[in-house]
There are 2 protein chains.
Amino acid sequence: MARSGAKRTAGQGPSTGSEETRRALVAATIEALREEGFSGTSAREIARRAGCNQGLVFYHFGTVTNLLLAALDEVSSLRLTRYQAAVDEANDLGELVQTAQSVFEEDLDAGYISVLAEMIAGASSTPGLGAEVASRVAPWRIFAADAMRDTLADTPFAQLIPAEELAHGIVALYLGLEMLAHLDGDRGGALALFERARQVAGLLGALSAGPATKEER
Amino acid sequence: MARSGAKRTAGQGPSTGSEETRRALVAATIEALREEGFSGTSAREIARRAGCNQGLVFYHFGTVTNLLLAALDEVSSLRLTRYQAAVDEANDLGELVQTAQSVFEEDLDAGYISVLAEMIAGASSTPGLGAEVASRVAPWRIFAADAMRDTLADTPFAQLIPAEELAHGIVALYLGLEMLAHLDGDRGGALALFERARQVAGLLGALSAGPATKEER
DNA sequence: GTCTATACTTGGATAGAC
DNA sequence: GTCTATCCAAGTATAGAC
């Protein structure tokens, strides 16, 4: 709401009024990117969703573009943390795919990947934005590569295809699946693929590990 | 240029002045979508590139959105024809991947998939546009499914994963690879993947067909 | 830090001359 | 069919009051 009252703990507590507004603006930007797309995410639309005045966008972030990037930073940080936690829980390829599916559905529901997709697509329209977005997408690829490396370490696939190449493909596929699912409001196609991947992963796991079921490490 | 002179064969030849202008506008729209993105593709920007007046966008297409869709139709028709020809030439999975790679580079150079990506991303910002875009993307999936079916018909993969599911993934991957390549102006990641896919395809082909090299059908 | 008001620009769309 | 001129809405950004 960003009104004036509601004084904090006075000693500049964990979140000042200013920080509160910044946060509200970032959250509103994520929301707007997801629901209105890049070109629909104007300073006025953001402020409306944040429940504050349009001028605050410029006071706090200077330009709309900066706020868009702050939103992308927020999403990136939020999701990479979540992805890491999810991957840490997975013990084999099958579990990794299973985990990826839950996370994918979260992303779809919350529109996080929409934010990414809108920023990538929107980057063409603003000089210099492409590089900024690219530098924020890079960690996603690094994360995916690390995850691939860890999970495929002692399987024959590590020799067949390098983790970096596979990671590039995984990120691209994830992005593409999100866009298609969002486009026709139907995640069925993507979910069927995850299901199939899980099944194939189980099959491959059984083959490469031999008849032994677990604890062979 | 869309000026008045240059009379045609008088009997309403293969392209009247009107048709010429429509074509110029569509071509300019494709160009603009690729270079300026969805939000940068305004009636004025399009007219500037077409070398004609801004009002003609509305005279010929009613709204900018209609012109955008006409551009998407053009790209879709152009590329599906090309894809079909390419697939018809391929005799096995390896050749199919090889063909897909050339076509992918064409798409990247000409920006055709950028047009698709921008329209998908931009659809969020205009009510009703999503459905229009979706109906124009559907043929791509159908095409991919048919291509998969034909190529995998007598391999064990046909049993392992249905053509429709695979097709959905292929389209998503293609779209995602294009967006990433366009974002950081580097197609290396995508090309490495194609290269790897070709290699794996060769390996799988050899396995599933046995030691025989060709003409086993 | 936040709000109101406003200057300036760009874009969608139409009217009317040619 | 095409162009010029114009209206109106929406967007970015800034100034100044509170």
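Quick caveat, the model's predicted, so the values are computed rather than measured. We use all heavy atoms of the structure for the numbers below, so side chains are in, but hydrogens, waters and symmetry mates are not. A note on names: the letters A, B, ... follow the listed sequences, proteins ahead of strands, and every chain is numbered from 1.
- Between B:Phe61 atom CZ and D:dT2 atom C1' the separation is 15 Å, expressed in whole Å.
- A salt bridge links A:Glu164 with A:Arg149: the distance from a Lys NZ or Arg NE/NH1/NH2 to an Asp or Glu carboxylate oxygen falls below 4.0 Å.
- Of the candidate nucleotides C:dA5, C:dG12, C:dC3, C:dA5 has the atom nearest to the side chain of A:Gln54.
- Candidate nucleotides D:dT2, C:dT2, C:dG11 were compared by shortest atom distance to the side chain of A:Thr21, and C:dT2 ranks first.
- Rounded to whole Å, atom C1' of D:dT4 lies 12 Å from atom CZ of B:Arg44.
- When the C1' atom of D:dG16 is taken as reference, atom CZ of A:Phe58 falls 17 Å away, rounded to whole Å.
- Set against D:dG1, C:dA13, D:dC3, the side chain of B:Thr63 has C:dA13 as its closest nucleotide.
- Taking atom OH of A:Tyr59 as the reference point, atom C1' of D:dG16 lies 14 Å away to the nearest angstrom.
- Spacing between atom CZ of A:Arg48 and atom P of C:dT2 amounts to 20 Å, rounded to whole angstrom units.
- For the pair A:Leu67 CG and D:dG11 P, the interatomic distance rounds to 15 Å; values are reported in whole Å.
- Between the P atom of D:dG11 and the CD1 atom of A:Ile46 lies a distance of 10 Å, rounded to the nearest Å.
- In this structure, CG of B:Leu56 is placed 5 Å from P of D:dC3, rounded to the nearest angstrom.
- Closest non-hydrogen pair, B:Phe104 versus B:Ala190, comes out as CE2-CB, 3.6 Å.
- Between A:Arg23 and A:Glu74 there is no salt bridge, since no side-chain nitrogen of the basic residue lies less than 4.0 Å from a carboxylate oxygen of the acidic one.
- OP1 and OP2 of D:dA10 both lie 4.0 Å or more from every side-chain N or O belonging to A:Ser42.
- Taking the six-membered ring where the residue is Trp, the centroids of B:Phe38 and A:Phe38 are separated by 6.0 Å or more.
- Each of A:Glu45 and A:Asn53 was matched to the nucleotide of DNA chain D holding its nearest heavy atom; the match closer to the 5' end belongs to A:Glu45.
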